[in-house]
Number of protein chains: 2
Amino acid sequence: MHRKKLQNNKYTPIEDPKPLYQQVKSHVLQHIQNGDWEIHGRIPSEHELVATLSMSRMTIHRALRELTQEGILKRVQGLGTFVAAPKQMATTLSLPNIEEYVTSRGNRYSCTVQFHQTDPVTPEDALKLGLKEGADIYRSYLIHKENNLPIMLEDRYTLPDRVPDYINQDFTKILVDSFFAARCPFINHDHQLSVQMSTQEIHHFMELDHPTPCLHLYQRTWSGDKLLSAAKFLYPGGHFALSC
Amino acid sequence: MHRKKLQNNKYTPIEDPKPLYQQVKSHVLQHIQNGDWEIHGRIPSEHELVATLSMSRMTIHRALRELTQEGILKRVQGLGTFVAAPKQMATTLSLPNIEEYVTSRGNRYSCTVQFHQTDPVTPEDALKLGLKEGADIYRSYLIHKENNLPIMLEDRYTLPDRVPDYINQDFTKILVDSFFAARCPFINHDHQLSVQMSTQEIHHFMELDHPTPCLHLYQRTWSGDKLLSAAKFLYPGGHFALSC
DNA sequence: TAGTGGTCTAGACCACCCG
DNA sequence: GGGTGGTCTAGACCACTAG
């Protein structure tokens, strides 16, 4: 590249604290927030922004592409760039892991293990998990505690295939999720949420003395499309702060 | 640019169905899934991939940058690029909107409005919502139904400031969230989840005849950092399929 | 046909980390 | 000082949409 052009290079990080493409993103967001650019309205083309802001097209493009990925803009080839309507049609909840939840409130987290053993798959579990009856499966039954008081019960079934050493872990020390995350790529979950009244079993392990409504979360853990584990979480009468 | 270089341009979409940067992303994901590149392990540098795959650095960089944004990789300037450990430390739930939820099960959605009026802010609401006592606030009390049976109760308080025409809307026709989304940019929510037993009021409006545990979702809606609305959702004994 | 966004390249400068 | 990633540019080709 010629020296002349190097001198014209706009990348001068000493004076500009933020990268140019970030400045473009802020610029666009500002116009949207101000109401200058309305929802569903067309915003200037890449070419126009190149001229207005005196930047290269790749820089402008990166800013607009990222805003598109973030759902702020909507781009149509041959047509233009538009302000997207926020489509918060699905409410997303973020449930912190249990240890973080307890310690974030300044309390002490602990966990006791009631069972941690190899069982044969029962007929109903074979059906639910798509396994064959009688095969070996790991079952863990954990009581999570806040300042030594039970707050959550975890009843988990884990397939030996991918994590044969699961059964040798000490889950009073680390969370099951951390164990999976540390050795399996592409972890994902699906969930089912419901409410139920406490049972005798729950009364016993959670140290309850009267019927209590419980939040019931059923969570399956996958590595790619391979089922790793299925867990039932029970939070008696719980309250939960969730984000976003 | 010289003609020679144009002939060497690798962008030949007729033969390559996917863009090059997508191919690079797939290439990297494949190596991770195969186990060639382990969790926390270093992967080839941009320079090496440029040589191996015969592409420009910008193309390689875009692929690696996007994988980093997606949480698959971790990049450190001066050090290299590494396979990130899946950090699914927070469970994220996605709750579909009520109409979608009902219709996705092949049932008929409807909604009846019990209240939809302007009220003065009570002392306790003033405290909870950070408003001044006695000011005007919109209150809506909606019963959402599946095949004409009540499945969810919505008790909502809305600040007039940003959406003065809220009170003229017919929420038997559109969802409140859709109304907000259509006219306010940067919509976000926070939530609090809990369980509670049904009250007399709930029995009446939800047509229940005995005490039932209910899922209780408290949701505040913001546009940027400006509070728009706060709603209480009650799902008696509900079951919910949630994603991711 | 003109304008728009989608992709790609070659080359450059910078900031950072290490031995 | 050599290698790494982070950014930016000028210019090019392509695919799509519209009048």
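Numbers restart at 1 for each chain; the letters A, B, ... are given by sequence-line order, proteins then strands.
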Polar-atom pairs under 3.5 Å, protein N or O versus N or O of nucleotides 1-4 of chain C: list them with distances, or write none.
unit_1	atom_1	unit_2	atom_2	d
C:dG3	N2	A:G78	O	3.2
C:dT4	O2	A:G78	N	3.1

Check: In dot-bracket, 5' to 3', how would DNA chain D read with Watson-Crick or G-U wobble pairs under 3.5 Å, [ ] for crossing ones and | for pairs to another strand?
Finding: ||||||||||||||||||.

Next item on the list: Please name all residues satisfying salt bridge (Lys or Arg N to Asp or Glu O under 4.0 Å) with A:K25, sequence neighbours left out, ordered by chain then number.
Entry: A:E66, A:E70

Next item on the list: Output all residues satisfying salt bridge (Lys or Arg N to Asp or Glu O under 4.0 Å) with A:R183, sequence neighbours left out; order by chain, then residue number.
Entry: A:D165

Next item on the list: Not counting sequence neighbours, which residues clear side chain to side chain contact (heavy atoms under 4.5 Å, CB included) with A:H47? List them please.
Entry: A:S45

Notebook entry, point to check: To the nearest angstrom, how far is A:L53 atom CG from D:dT7 atom C1'?
Noted result: 17 Å

Check: B:L20 CG to D:dC13 C1': how many Å, rounded?
Finding: 13 Å

Check: CZ of B:F82 versus P of C:dC16: gap in Å, rounded?
Finding: 17 Å

Checklist line | N/O (side chain, B:Y21) to phosphate O (OP1/OP2, C:dT7) under 4.0 Å | finding: yes

Check: Rounded to the nearest Å, what distance is computed from the NZ atom of residue A:K25 to the C1' atom of nucleotide D:dC8?
Finding: 16 Å

Note to self: Checking the side chain of A:H116 only, and the main-chain atoms of A:I167 only, is there a donor and an acceptor separated by less than 3.5 Å?
What the structure shows: yes

Margin query: By the salt bridge (Lys or Arg N to Asp or Glu O under 4.0 Å) test, which pairs, at least two apart or in different chains, include something from residues 28-41 of chain B?
Written below: none

Check: Where along residues 61-68 of chain A does a heavy atom fall under 4.0 Å from DNA chain C?
Finding: A:H61

Next item on the list: With the side chain of B:R57 defined as its heavy atoms from C-beta on, choose the nearest nucleotide among C:dG5, C:dC13, C:dA10.
Entry: C:dC13

Item checked: B:T158: side chain to side chain contact (heavy atoms under 4.5 Å, CB included) partners, not counting sequence neighbours -> B:Y138, B:R156, B:V163, B:Y166, B:F180, B:S229

Next item on the list: Name all residues meeting the salt bridge (Lys or Arg N to Asp or Glu O under 4.0 Å) criterion together with A:E46; count only those two or more places apart in sequence or in a different chain, and write none if there are none.
Entry: A:R57, A:R75

Check: What is the distance, rounded to the nearest whole Å, between atom CE of B:M58 and atom C1' of C:dG6?
Finding: 13 Å

Check: Which residues pass the side chain to side chain contact (heavy atoms under 4.5 Å, CB included) test with B:R139, sequence neighbours left out?
Finding: B:D119, B:Y141, B:D155, B:Y157

Note to self: Checking B:D170 now: which residues fulfil salt bridge (Lys or Arg N to Asp or Glu O under 4.0 Å) with it, not counting sequence neighbours?
What the structure shows: B:K173

Notebook entry, point to check: Closer than 4.0 Å, any side-chain N/O of A:T59 to the OP1 or OP2 of D:dT7?
Noted result: no

Item checked: Any residue meeting side chain to side chain contact (heavy atoms under 4.5 Å, CB included) with B:I151, in chain and number order, not counting sequence neighbours -> B:I98, B:V102, B:E146

Notebook entry, point to check: Can you find a pair of side-chain heavy atoms, one from B:L53 and one from B:L20, that are under 4.5 Å apart?
Noted result: no

